[in-house]
Amino acid sequence: MSQIFHRSTNTMSRATIFGAVFVVAALGWMAMEIQRSPYVTYAGVRKPQPVPFSHQHHVSGLGIDCRYCHTSVETSSFAGIPPTKTCMNCHSQIWTNAQLLEPVRASYRSGESLQWTRVNQLPDFVFFNHSIHINKGVGCNTCHGPVDQMPLMYQQESLQMEWCLDCHRAPAKNLRPRDQVFNMRYQQPTSTNPVIVDGQTFMDQMSLGSALVKKYGVRSVGDITSCNTCHR
Amino acid sequence: MPWLRQISVASSSVGCPILARSLGKSGIPRRSHAWGFLATGILLATIALSSACRIDMHVQPRQNPLSRSDFFADQRSERPPVEGTVARGQLHDDTYFYSGKNGSTPGDYMPFPVTKEVLERGRERYNIYCAPCHSRVGDGNGFIPSRGFSRKPPSFHDQRLQKAALGYFYDVMTNGFGIMPDYASQISAQDRWKIVAYIRALQLSQNATRADVPAGQTVPSLAPQFRGQPGSGATLPVVDSASASHSEENR
């Protein structure tokens, strides 16, 4: 019986087995990428809402502070979704006939809640607290992104644990003075645009951050990366 | 599958031990192996799919703030407290503090001493909640009314409001007035009083005369220089350190 396959088949079969290592590695890499992708995290996804509320218009266009609507963000774990009455503070006067706002007026008339779709959603086993982050100098847009440029709200970051830990392991790289937390146009200090805190001028983020870690009494990295800081 | 059998026999005959091993000692894949692969595949797919369903720990059977509840008719998990409930520290027994009135007349004194911190907090809260309509200087030319309000808010610097009692401002914030809604749910009682103090400070500063200027200070004082872009919302612009020190010298 003569050989069916040419001798080169040996090399090919070895190359195939060797290549399988890369195929398996590529599959692993793909799985990791998919796990981090918006397909899983919903980052950047504009979810449907009962009213297409524009943060861009209300923040950039009208100059309304975050806290006008999200009243409990400084004192509570929950930032607070405004009740319909907060909308009607202005919209009882402005755009009173707009069809777009009919769900808001209907909710105000009937007393039924507007059912917004939650955008930044954490799993129930994570106990996130807004007030502690605000009071230690984490800016709104550090986590929520450029909300003042979002015509429709979306989640900026992955909100995955590695993303939380990225900052918890080195909080100094994101802290800013408390009075700038709600400033959507805040920029980290540079040599041309220094930030002044208590009369001291800071030219770079790391020196400002470490000074603020001390000033605001941010707990040690060991403390804030401990499991039970977030998972209680 | 005769062709598969042929290949495996052939490959084992040319002496590729790894391939031969993977196909079983006889070099002929048995039917049961194929089913095993299929079963493993289905199991893996099920694990992969079920891990995407966030059921067990991700969505726990508990209520989060403002979450939807199918238990109550109005679908709200937030329940109003039983009527007459007094939360700890919220027995509003200090009627002046919570109404701004003595009997039915608004009082003209602050329920707590006004310090620099009180005024700074008042300024911050005023800029968040009041400035959109009343403007940062309190002249009633805020941006929101210009978008189509039927009436502009009054200026704090007209005769009537300059003479108004402190408790009157508190009462308007608490209960609303005209087309202005109440802000009792958005601003705490403590903060409303601090805003009252800041409104009075605005009235003083916007209507100061030459006689009010302390001796030695130039009039008009130099306008502060701001650095970079103004902040968004109620964030005050950053005063340039050079001009800040300049105005310190003038003081």
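Remember, it's a predicted structure, so these values are computed and weren't measured experimentally. Convention: sequence-line order gives letters A, B, ...; per-chain numbering from 1.
A donor atom on one side chain and an acceptor atom on the other are not found under 3.5 Å apart for B:Thr235 and A:Gln180. Judged purely by distance below 3.5 Å, without hydrogens or angles, the side chains of A:Asp124 and B:Asn64 pair a donor atom with an acceptor atom.
Using a 30° and 60° split on the angle between ring planes, B:Tyr129 and A:Tyr68 fall in the tilted class, from 30° to 60°.
Interface remark: B:Asp182 contributes backbone and side-chain atoms alike to the contact with chain A (heavy atom separation under 4.5 Å). Using a 4.5 Å cut-off between heavy atoms, A:Cys90 contacts chain B through both its backbone and its side chain. Of the two parts of A:Asn89, the backbone and the side chain both hold a non-hydrogen atom closer than 4.5 Å to a non-hydrogen atom of chain B. Residue contact with chain B, scored on non-hydrogen atoms closer than 4.5 Å, involves the backbone and the side chain of A:Pro194 alike. Using a 4.5 Å cut-off between heavy atoms, B:Arg76 touches chain A through its side chain atoms alone.
Below 4.5 Å, heavy atoms of chain B meet heavy atoms from A:Gly111, A:Glu112, A:Ser113, A:Gln115, all part of residues 103-115 of chain A. Of all residues in residues 26-33 of chain A, none places a non-hydrogen atom less than 4.5 angstrom from a non-hydrogen atom of chain B.
Put simply, NZ on A:Lys85 and CD on B:Gln186 are 5.5 Å apart, with the number rounded to the nearest 0.5 Å. Atoms NE2 and CZ, on A:His91 and B:Arg147 in that order, are 9.5 Å from each other to the nearest 0.5 Å. Remark: A:Glu74 CD to B:Glu124 CD distance equals 6.0 Å, nearest 0.5 Å. Atom-to-atom distance recorded for B:Asn127:CG and A:Arg67:CZ is 9.5 Å, nearest 0.5 angstrom.
The two residues B:Ser150 and A:Gln93 make their nearest non-hydrogen contact at OG-OE1, 3.1 Å. When every heavy atom of B:Ser232 is checked against every heavy atom of A:Phe182, the shortest pair comes out as OG-O, 3.5 Å. The heavy-atom pair separating A:Phe125 from B:Met57 by the smallest distance is CD2-O, 3.4 Å. Contact detail for A:Pro123 and B:His58: the closest heavy-atom pair is CB-CD2, 3.4 Å.
Heavy-atom pairs under 4.5 Å with chain B peak, among A:Ile94, A:Asp65, A:Thr9, at A:Asp65. Heavy-atom pairs under 4.5 Å with chain A were tallied for B:Arg68, B:Arg62, B:Met180, B:Arg151; the largest tally goes to B:Arg62.
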